[in-house]
Each structure stands twice: as C-alpha cells, then as structure tokens.
Amino acid sequence: MKRYPMVGEKTAVVTGASTGIGRATARMLKARGWRVFPAARSRTDLDLLRGEGFQPVELDLSDPDSVDYAAKEVLELSQGVIGAVVNNAGYGQPGALEDLSRSAVRKQFETNVIGTLDFTNRFIPVLRAQKSGRIVLVSSVVGRVVIPFLGAYSASKFALEAIGDGLRMELGPAGISVSLVEPGPIKTCFRKRVVSEAARGGLEMRDSVFAKQYAKELAGPERTYARPTDVFQKPPEAVAKKIVHALESRCPRARYPVTGAAWLGDFAARFFPARLKDRLLVSKVIGREVG
Ligand code: NAP
C-alpha cells in the first residue's frame, strides 16, 4: 500500500457541514485537534456552526462565484495552509432518467461533480507546494452500482469516482492522497431531501409511466427507492470515522465502502454480470407493475 507524508498542519475544509455526514465529520475532526473550516449555505447554519466554535465559510457549489469566494476565504483564514479538503456536499435527484428535465440533470452535475472539482482545484496548488495533503470525495454505493430512479444521482457519483481515480494518479507522485468514501444508507436528512427535490419541478411525475411509483415512493419524507437496504443503515459518524482514517493514516485507502450495502454494491459491481444486477434491482425497486 502506498505511504503518504502526514499533513504538516491539521487544517481541513469540510463541505456540506450544515447537517449529516459533513457536520459529524467537522465535529469529529475538531475533537481530534484539527482546525476545521466547515462550509454551509444558509445564514442560520453558518451561525449554528459559529456557535459551536468553528470558523465557517459560505459555499454554494452550484454557483461558480461562491466557489471562488469560499476557497479564497478558507485560504485567507488558514494563512495559505491546508492539510485536507473533504468534499462531502451533495444531494440526490430522484426520478427515472426519461422524466428528468435538462436543468435538473445540469443542477445535479453542477453541484455533485463540477462544483466539487472546481472547489478542490482551488487548493491543489497549495497542496502541491506543501508536498503533502489529503483530498476526500464522498461518493456513494450508487457510484458503483446504478439504482433505478436515482440514475442522475448515480451518474454524478460515477463521475465523482472517475474524478477520484484521476486525481489520485495525478496527485499521488506529489505526496497528495485522494480517497473516495462510498457510503451505503446513512441516517441523515439525505432521503428527506431526495423527496423535496422531486417537488422542485425538474421531474415529470404526473404524465410518467412511473406515475404510480412516484405517488407511492415520493409521497412522504421517509420514503425513497433505497429502502430495501435499510437493514444496513448506519449513523453519520460511521462515515466520519473513515474520513478521519483517510486524513490521518500514513496509508490512506483509495476507497472506503461504509455499511454492508456498500460492500455488497462494491462486490456486485466487480463480480456480478449486468443481467443479474439488473434483475435484482428491477425486482426490488421498480417491481412488476411497469413493463
Ligand atoms: P444531508 O444531510 O442532506 O447533507 C447534505 C449536505 O450537502 C448539506 O450540508 C447540504 O447543505 C449540502 N449541499 C447540498 N447541495 C449543496 C450545494 N449546492 N452547495 C453546497 N452544499 C450543498 O446528506 P448526507 O447524507 O450528510 O450527505 C452527505 C454526502 O454523502 C452527499 O454527498 C451524499 O451524496 C453522500 N451519501 C449519503 C448517503 C446517505 O444515505 N445519507 C449515502 C451515500 C452517499 P444544505 O443544508 O444547505 O442543503
């Protein structure tokens, strides 16, 4: 396993720190002596993070100006030193691919992929100059196996996986490690947000051949297509622990599946024939109602 230099200054920026995995990671790193700059979008969340003793930065990944401003702010606050960039922010656009508007797909990629890479790139010159640093990309089990009705989200996480592999090869020789963290179902607001995204208008629900499934699955905040994997669900701290390993170990891993579902997804991606994967997922997620 490749060994990397430990970071000189334990300084990290964590995106999507208003809730869930990002917040758990920011807190865990802080408790371990890291100086953490958590990024969030709303004023309320920024104030709450300030109340916890953080120096938060405002960041909306879908807005290029916000990415530019936030990265500059982090580097100003840290006096140009950064040990780790934890790219955690993201959301899931629900819906069958055929029912998604161009703008819904674009927004999904702007946030989960393009904004994430843009934000990361702002720190790479600093990491290269330091000859050390850690980059984490929070991907997903659906970055390994596509789940029907989460196709756009899956596509964004597949893209993130490719970016992780590319960055790892490009930055490894400079002493910078890049790790992909691949959670399965984690107990956060994520699912609630999947449901709220459906109501934003980028998904054609009423005239879809899947109208019945949408009505059933997107009716309440607790319902989404991923429920068969609930038995594997873990708290956000389980993901935060893997992120800590990626930041603090001399031998950070390329990939960290989190939860049994993620290990299963990784195994299925590598060893199951496509037809078998399709059959399992179609019967679990789509059911028999639609041909
Ligand atoms: P969450 O509680 O919904 O948190 C998502 C975070 O991303 C929030 O802080 C949110 O900020 C932020 N975010 C969303 N869009 C953003 C944008 N345009 N700009 C900046 N920040 C944005 O969900 P979570 O479970 O902690 O998700 C964290 C990561 O884990 C995501 O990348 C997700 O894809 C991945 N993941 C989650 C699960 C799961 O089951 N929970 C499974 C696999 C992978 P606001 O509060 O301002 O919206």
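We count ligands from 1, going down the list as the structure has it; atoms in each ligand are counted the same way.
- Looking only at protein heavy atoms, the nearest one to atom 36 (N) of ligand 1 is Y153 OH, 3.7 Å.
- No donor-acceptor distance shorter than 3.5 angstrom exists from the side chain of Q233 to the backbone of T259, with no hydrogens or angles considered.
- Using a 4.0 Å cut-off to heavy atoms of G20, the atoms of ligand 1 that qualify are 2 (O), 26 (O).
- Within ligand 1, counting atoms from 1 as listed, the ones closer than 4.0 Å to a heavy atom of C189 are 2 (O), 3 (O).
- The main-chain N or O of E52 is found under 3.5 Å from a side-chain atom of K30 such that the two form a donor-acceptor pair.
- At least one heavy atom of K157 sits closer than 4.0 Å to an atom of ligand 1.
- Of all protein heavy atoms, the one lying nearest to atom 48 (O) of ligand 1 is R193 NH1, 2.5 Å.
- Aromatic ring orientation, H245 versus Y256: perpendicular (interplanar angle above 60°, classes split at 30° and 60°).
- Taking the six-membered ring where tryptophan is involved, the planes of F267 and F271 are tilted, since the angle between them lies from 30° to 60°.
- Each of the atoms 15 (N), 16 (C), 17 (C), 18 (N) of ligand 1 lies under 4.0 Å from some heavy atom of T111.
- Protein heavy atom nearest atom 44 (C) of ligand 1, with residue, atom name and distance: S139 O, 3.2 Å.
- Looking from atom 21 (N) of ligand 1 to the surrounding protein, the closest heavy atom is A89 CB, 3.5 Å.
- Ligand-side atoms of ligand 1 in range of V138: 29 (C), 30 (O), 32 (O), 35 (C), range being under 4.0 angstrom from any heavy atom.
- Among all non-hydrogen protein atoms, the one lying nearest atom 32 (O) of ligand 1 is N88 O, 2.7 Å.
- Of the heavy atoms in L59, only backbone atoms (N, CA, C, O) come closer than 4.0 Å to ligand 1.
- Among all non-hydrogen protein atoms, the one lying nearest atom 46 (O) of ligand 1 is S18 OG, 2.6 Å.
- Within a 6.0 Å sphere centred on CD of E98, heavy atoms belonging to other residues, nucleotides or ligands number more than 12.
- Residues E197 and K107 are paired through a salt bridge, judged by an N-O separation under 4.0 Å between the basic side chain and the carboxylate.
- The pair E161-R255 counts as a salt bridge, with a side-chain nitrogen and a carboxylate oxygen less than 4.0 angstrom apart.
- Within the 4.0 Å heavy-atom shell around ligand 1 one finds G184.
- Contacts with ligand 1 closer than 4.0 Å are made by backbone heavy atoms (N, CA, C, O) of P185 only, the side chain lying farther away.
- Proximity of K192 to ligand 1, defined as any heavy-atom pair under 4.0 Å, is not found for any part of the residue.
- Of the possible polar contacts, one joining the K157 side chain to the V138 backbone as a donor-acceptor pair under 3.5 Å is found.
- Atom 16 (C) of ligand 1 has its closest protein heavy atom at R41 CZ, 3.5 Å.
- Every N/O-N/O distance between Y91 and ligand 1 stays at or above 3.5 Å.
- Looking from atom 2 (O) of ligand 1 to the surrounding protein, the closest heavy atom is T19 OG1, 2.9 Å.
- Using a 4.0 Å cut-off between a side-chain N of Lys or Arg and a carboxylate O of Asp or Glu, D47 and R43 do not qualify as a salt bridge.
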